[in-house]
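Data first, discussion second: the structure below is written as structure tokens.
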Amino acid sequence: MADLAVNLAGIKMENPVMSASGTFGSGVEYDSVFDIGMMGALVTTGLTLESKVGNRPPRLCETPAGLLNAVGLQNPGVDVFIKDVLPEMLDFGVPVIANIAGSTKDEFVEIAEKFSGTGVAGLEINISCPNVKTGGMALGTAPEVAAQVVGSVVESTDLPVIVKLTPNVTNIVELARAVAAAGADALSLINTLLGMVIDVEQRKPMLGNVVGGLSGPAIRPVAVRAVWQVAQAVKIPIIGMGGICTGRDALEFILAGASAVAVGSAFFNDPLAAVRIIKELDEYCGEHGVDRLQDLVGAVWK
Amino acid sequence: MADLAVNLAGIKMENPVMSASGTFGSGVEYDSVFDIGMMGALVTTGLTLESKVGNRPPRLCETPAGLLNAVGLQNPGVDVFIKDVLPEMLDFGVPVIANIAGSTKDEFVEIAEKFSGTGVAGLEINISCPNVKTGGMALGTAPEVAAQVVGSVVESTDLPVIVKLTPNVTNIVELARAVAAAGADALSLINTLLGMVIDVEQRKPMLGNVVGGLSGPAIRPVAVRAVWQVAQAVKIPIIGMGGICTGRDALEFILAGASAVAVGSAFFNDPLAAVRIIKELDEYCGEHGVDRLQDLVGAVWK
Amino acid sequence: MNGPGEFICRVSRQVSLGTNYYLIELEAPVLAQTVSPGQFAMLCCGEGFDPFLRRPLSIHQVNKHLGLVSFLYKVRGKGMSWLSRRQSGDQVSLLGPLGRGFNCSKPGSKGLLVGAGVGVAPLLFLASELVDRGWELFILMGGRSESGILRPDTFMEYGEVKIATEDGTSGIQGSILELLADELEKSSFDRLFSCGPVAVLKGVQGMSKEKGIPAELSLDEWMACGVGACMGCVCQSADGSYLRVCREGPVFEAGEVVLSG
Amino acid sequence: MNGPGEFICRVSRQVSLGTNYYLIELEAPVLAQTVSPGQFAMLCCGEGFDPFLRRPLSIHQVNKHLGLVSFLYKVRGKGMSWLSRRQSGDQVSLLGPLGRGFNCSKPGSKGLLVGAGVGVAPLLFLASELVDRGWELFILMGGRSESGILRPDTFMEYGEVKIATEDGTSGIQGSILELLADELEKSSFDRLFSCGPVAVLKGVQGMSKEKGIPAELSLDEWMACGVGACMGCVCQSADGSYLRVCREGPVFEAGEVVLSG
Ligand SMILES: Cc1cc2nc3c(=O)[nH]c(=O)nc-3n(C[C@H](O)[C@H](O)[C@H](O)COP(=O)(O)OP(=O)(O)OC[C@H]3O[C@@H](n4cnc5c(N)ncnc54)[C@H](O)[C@@H]3O)c2cc1C
Ligand SMILES: Cc1cc2nc3c(=O)[nH]c(=O)nc-3n(C[C@H](O)[C@H](O)[C@H](O)COP(=O)(O)OP(=O)(O)OC[C@H]3O[C@@H](n4cnc5c(N)ncnc54)[C@H](O)[C@@H]3O)c2cc1C
Ligand SMILES: Cc1cc2nc3c(=O)[nH]c(=O)nc-3n(C[C@H](O)[C@H](O)[C@H](O)COP(=O)(O)O)c2cc1C
Ligand SMILES: Cc1cc2nc3c(=O)[nH]c(=O)nc-3n(C[C@H](O)[C@H](O)[C@H](O)COP(=O)(O)O)c2cc1C
Ligand code: FES
Ligand code: FES
């Protein structure tokens, strides 16, 4: 067994494989399928101040090697979440990171404050959701705006603050630098690409929300590039994600500069994806004489 | 037979199916495979003022439902092209559009001027190539810079000027508006997405050029979204491209607002893709009682 | 809770039921023991990542004794096409059992099953379970033409079968909803059970309300996770919120949901 | 010019040659008539868009009379794996013939073929053509172990075969390059023909220069179009420019190219 452990901005994980926000429910849904306690960390679905019904269906559409979704942050709201859902997530015994989605800076702060002392290991600030009208990507494309949101959250919490960035920008490095300067403890790269599918029979968009976020293996090269660019520009650790389906995919992100990785859409292709990826990472280390997986972080450019 | 013809900014095509720049050589390469004269129009590979050797290999890497390339505009230079290659392209009897790639505004103008009276039907200004150090995308992400290049070319030529945009921007609509205002006669959407693949055995990038452009079905939802956004914002016609492999794919772009479409990577999956797409467009029209395909342009939002 | 599991199953049989319809039987002993009518499984239907998502299919028939589970399906696109090319001995991965099925323990003794097209798939397993529980069943089957009426002889083993086809090639010419209206005029039922295109489900929902007969409807939505984790597969509930078809469904009481489309 | 065409071919035979190696024979009468040794075809190796690109395979054997063309291949990833599951009667699309093959009309009468691993694939067709033209051939085959020495008996029909394996399970223990050095010491040849990993090609290139014996090398690069349209598959030429492996190659005179990797 190689040492797969990682300490990500103070969040201690036994291995670098996390769940990607919005794709893994509270973990309970997969409880009977595999041992959730094997995961490096769990990330909650996007949480808003008030409960949110989400977008109207259809919310999903398959694309070549990918998936377009426009869930629109359906969730019970942060209070209900903390009361009803968080306890069962914490029961898995692995760090839980809350993905929070305010529609204004002040909402972000309010949600962040609610998480003090709840047992979550960190906050992931979602300023990159393409599927909501307010907040989301709107707060995450202009570096100054993003930095303001991040700065306020950092001030209002003792928890490590991870900032999740959108790839739908001209210059992701500039954005990453701005939020790092504002005090972010880590970055999550990438959220989905803005996309659209049209139903040529009905001559209307496939999704109820018209546009949605593209995820899955289709976007992996874009995600690896983003991690590679950003890792060379900032000093804070990066969680890489976007189409990771195998240990080799995870390694691409690690070699590009990610300290941890998240598995999202891959669960839909193979519910055992995360367990398999952890095993494949260990096998790779074994075959290549790697003692500590963290030694490989950024090896492509270091 | 439905009427598939389109007059794109003065370029008269019998059907809307063109070749995408850089993927179809001069057409001669496919001459024995199918009747090139069936195509709506041919677009040349990216042409520079001087000859260009291109990037070092490997230049290609397959990705899930896609392809990453970093050819880097290998071409014989515009003079040799006009003398040796253009004549055989014109022989196919369909409009030929020259894709031009200057590294500065002045170079764009110089290349554009060389094409006067050569028989090409139009110019496609490539300010979106991700694989070159100067010019390319660097000139195509800031609206003001792009508008300057386009404005200068428009002044220096009588040919219709098509501007090819990159999707690697925060706001493609703003970019499209700027080049439309600068006098562009049409737009091509989209060029490739910036991506990267890492060889986990060698622990180095797969491509000689490190990063490359992602094309193919994987990016289609991003391309359809871009066309849908831009078509609603500008009045000039759009050539849609990005992962088109079937008649239905082409229809997605047309319904989103494209007047014509280009086939690129699909040739690598099926050399007969363009012929088949034209047939499938005709079949769709037949089955759905569509007399003129152009009536469907933008039908999703009109 | 006895949750779903991931299983790699050997194909024991693949039977073509005329153009585009197939029956695939898998060795899945655990699933056979735990599944109930109306539940489904997510089947992996390809090798690379295109198609990327698994396909939801209702459990069609179960042989607990032999540990066999079968699915009845229509080839629409590449996923089902891939599945139809599996042969006995090949392996197929699936996640199941999933979702909330039909409620076979509700009181009643006279049931009417309404299945349109490949929507009859979950109704066979349901019929066998209900008959075991002493219900008397009447079965309406509808389709475009005779070739779309799937396994009528097998259904006849569980109750009286009536058929409607749009072109009249089998049974009466017309819609299954006409057949349903007729039937509801003629006799009374304790419960309706239906699966099929949304137009048919809407018809059933309407008549259920009109006649005051409870009905259970099996819904169809695009799915990604199948377990309730992604919030992708929702339908609208009567109170305006959204319910996950894969978790709160796929079978709903007719009054619970607002059907659209 | 007699250019390539797109053909849908029936599989007439698929033969497993031990772990990971296969021989597939296709009905391709037009291709059989027009192809020459060293040329290749781009085979469609999947259904959806993953894998997306076609796979280049060298023509291994041709039966003009029966209109059959066969390919010898190693399963590396998903493309070849898919191909290996095709059975007789299935269909495979291919584009061919492609590229510039070996130059069989160059003067000479004594040739040495150097094939490492699955690199022997194009050499069988070449051998049959050269022997038809009156050449006397000597054939060196190399591989990791015996299982990687493909069809040695068939090669023996065309000339004397010598084998080198890394583990000594067949022929001498060692590299095919040692065998080559030996052979070039012992006798003289008019021309060398080689295909295999770049390390082997480099060795051949070096000795060809040293001994002043012309050599032709068949190169391997990732390909997209296969016809010279995309500029994706280049190798470096002696003058520093880039040559398309699919068009100016895949077979090059040893002096034409700079090998890297
Ligand atoms: C709970 C549940 C149970 C089901 N049980 C069965 C069953 O027992 N037998 C059976 O034949 N089918 C069943 N279906 C439908 C089945 O899942 C789809 O037909 C299948 O996914 C189509 O896959 P494909 O790859 O062949 O087609 P695709 O290529 O994916 O699609 C072909 C066409 O069908 C549409 N489509 C695909 N999937 C869905 C979907 N889930 N909802 C709406 N439209 C869709 C697409 O838009 C496209 O136009 C069930 C669906 C659900 C949700
Ligand atoms: C002109 C030409 C002729 C060829 N003839 C033969 C032949 O007769 N028999 C044969 O077995 N092989 C031949 N090859 C190589 C063959 O094309 C590849 O092995 C095949 O594409 C692998 O496909 P795959 O889907 O199985 O593997 P993939 O999943 O695509 O790849 C598996 C591994 O092989 C590497 N790889 C894949 N293709 C290439 C390539 N073209 N160059 C370098 N690395 C690659 C990948 O990086 C990966 O690590 C030839 C190649 C060329 C260019
Ligand atoms: C159905 C679905 C729901 C998602 N919901 C969220 C969310 O609530 N918050 C968030 O930050 N990202 C969300 N994402 C984005 C993922 O966390 C991840 O960034 C993206 O899907 C890329 O990873 P993948 O390709 O492995 O899925 C969602 C993705 C999917 C597919
Ligand atoms: C190998 C290759 C070379 C390309 N060269 C050029 C080029 O020279 N100029 C240009 O404007 N676009 C170039 N492109 C981009 C295509 O024209 C097209 O915009 C893109 O590939 C998306 O379409 P597709 O998915 O159908 O390939 C190239 C694409 C590929 C795959
Ligand atoms: S498919 Fe994921 S919640 Fe239903
Ligand atoms: S593969 Fe396209 S030029 Fe060779």
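Lettering follows sequence order; numbering is per chain, from 1.
Looking at A/S188 and A/E124, their side chains do bring a donor and an acceptor atom within 3.5 Å of each other. Judged purely by distance below 3.5 Å, without hydrogens or angles, the side chains of A/T48 and A/N75 pair a donor atom with an acceptor atom. For C/S105 and C/N103, the side-chain atoms include at least one donor-acceptor pair closer than 3.5 Å. Looking only at atom types and distance, the side chain of C/S147 has no donor-acceptor partner in the side chain of C/T19 under 3.5 Å away. Neither side chain, A/R56 nor C/Q236, offers a donor N or O lying under 3.5 Å from an acceptor on the other.
For A/A266, the part lying under 4.5 angstrom from a heavy atom of chain C is the backbone only. Proximity to chain A is limited to the backbone of C/M223, based on heavy atoms less than 4.5 angstrom apart. With a 4.5 Å cut-off on non-hydrogen atoms, A/S51 does not touch chain C at all. Within the 4.5 angstrom heavy-atom criterion, no atom of A/T45 approaches chain C. Contact of A/D31 with chain C is not made at all, since no heavy-atom distance falls under 4.5 Å.
For residues 86-93 of chain A, heavy-atom neighbours of chain C at less than 4.5 Å comprise no residues at all.
Counting heavy-atom neighbours within 6.0 Å of C/I8 CD1, excluding the residue itself, gives a total of 12 or less.
Ranked by heavy-atom pairs under 4.5 Å with chain C, the list A/S26, A/G25, A/P217 is led by A/P217. Heavy-atom pairs under 4.5 Å with chain C were tallied for A/G66, A/G72, A/A70; the largest tally goes to A/G66. Heavy-atom pairs under 4.5 Å with chain C peak, among A/P64, A/S265, A/C61, at A/S265. Contact count versus chain C (heavy atoms, under 4.5 Å) is highest, among A/C245, A/P58, A/G264, for A/C245. Between chain A and the residues C/C44, C/S241, C/S93, C/G228, the largest count of heavy-atom pairs under 4.5 Å involves C/G228.
No side-chain heavy atom of A/L207 sits less than 4.5 Å from a side-chain heavy atom of A/P205. The shortest distance between side-chain heavy atoms of A/M206 and A/L60 does not fall below 4.5 Å.
Between A/F267 and A/Y30, the ring center distance clears the sub-6.0 Å criterion.
The only member of A/L272, A/V33, A/D270 that meets side chain to side chain contact (heavy atoms under 4.5 Å, CB included) when paired with C/L95 is A/V33.
Remark: A/R59 is positioned above the aromatic ring of C/Y242, its terminal NZ or CZ atom under 6.0 angstrom from the ring centre and at most 45 degrees off the axis.
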